[in-house]
Amino acid sequence: MRLFVALALPDNIRWQLRVLSGGLVGANRWVPPENLHITLRFLGEVDGRDAHYVDAALAGIRAPRFSLRLKGVDAFTSGQRVKAVYAGVEKQPALQHLHDKVESAVVRAGLAPDGQKYTPHVTLTRPKDTPLNKLQHYLAEHSLFKTEPFEVTHFTLYSSEMGSEQSVYTALRSYALSVPAGAIEAAAERGGTL
Ligand code: ATP
Ligand code: MG
């Protein structure tokens, strides 16, 4: 099976991304709202046994919850080719830490290390044929894009299957992030919930 580890996005954030999903020459297929996510680690084709080891290693991760905000738009290009257009993620050291923990868990489970620098993003489209000047126009138009902050409370192991129109992602298991030390006391003092 084809697997990846990712952060799901809350409904309201996926809703806010809708303003970005269109208006780019040469990009006809946009990631549908239900598929929008932030990849932490692409695992690729994994057999059942390795999937089991990866799941056990991911379940052992202890990391705190954090808040995140999507900010700006950018693209991965290769020469003149636009490979992917994405919404950016505001810098958040806790996300890099979580990524690093996922990376070491995956390697501990026996998979090959990734070795790439982690650039968190939400892919919006992988254009077939977008000229760079049209891309520049689109990026400039959306340069001030920013969502509300949202709380990341878990990360998820997904399978990815080929659908007729688009990939079909299935959440196989979610792993909870912990409430930071001090948050419970603070909530008690407020007389409220976390
Ligand atoms: P499709 O490939 O059909 O366009 P997809 O890219 O959404 O669909 P997958 O290829 O299964 O589906 O990818 C799942 C997730 O992993 C996506 O976030 C994708 O960007 C990421 N991903 C896929 N291949 C790689 C790779 N080689 N390296 C890093 N991330 C990858
Ligand atoms: Mg792909």
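First listed ligand is number 1; within each ligand, the first listed atom is number 1. One is the number of the first residue; the rest follow in order along the sequence. Computed from a predicted model, the values in this text were never measured in an experiment.
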Looking at Phe4, which atoms of ligand 1 are within less than 4.0 Å of one of its heavy atoms? 14 (C), 15 (C)
Could you tell me, atom by atom, which parts of ligand 1 come under 4.0 Å of a heavy atom of Ser160? 9 (P), 11 (O), 12 (O)
Is a donor from one side chain sitting under 3.5 angstrom from an acceptor on the other, for Tyr118 and Asp100? no
Donor-acceptor side-chain pairing of Glu34 and Gln166 below 3.5 angstrom: yes
Heavy atom under 4.0 Å from ligand 1: found in [X]'s side chain, backbone, both, or neither?
X	answer
His37	side chain
Met162	neither
Arg126	side chain

heavy-atom search around atom 1 (P) of ligand 1 in the protein gives Ser167 OG, 3.5 Å
Protein heavy-atom partner closest to atom 21 (C) of ligand 1 - residue, atom, separation in Å: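 Protein heavy atom at minimum distance: Phe42 CD1, 3.9 Å.
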Ignoring hydrogens and angles, tell me if any N or O in the side chain of Thr170 forms a donor-acceptor pair with the backbone of Ser159 under 3.5 Å.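 No: the side chain of Thr170 does not pair with the backbone of Ser159.
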State whether the side chain of Thr130 and the backbone N or O of Val25 hold a donor-acceptor pair below 3.5 Å, judged by distance alone.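 Such a contact is found between Thr130 side chain and Val25 backbone.
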Of all the heavy atoms in Tyr169, does at least one lie under 4.0 Å from an atom in ligand 1? yes
List the atom of Thr125, the atom of Leu24, and the distance in Å for their closest heavy-atom pair. CG2-CD2, 4.4 Å
Compute the ring centroids of Phe42 and Phe4, then answer whether they are less than 6.0 Å apart. no
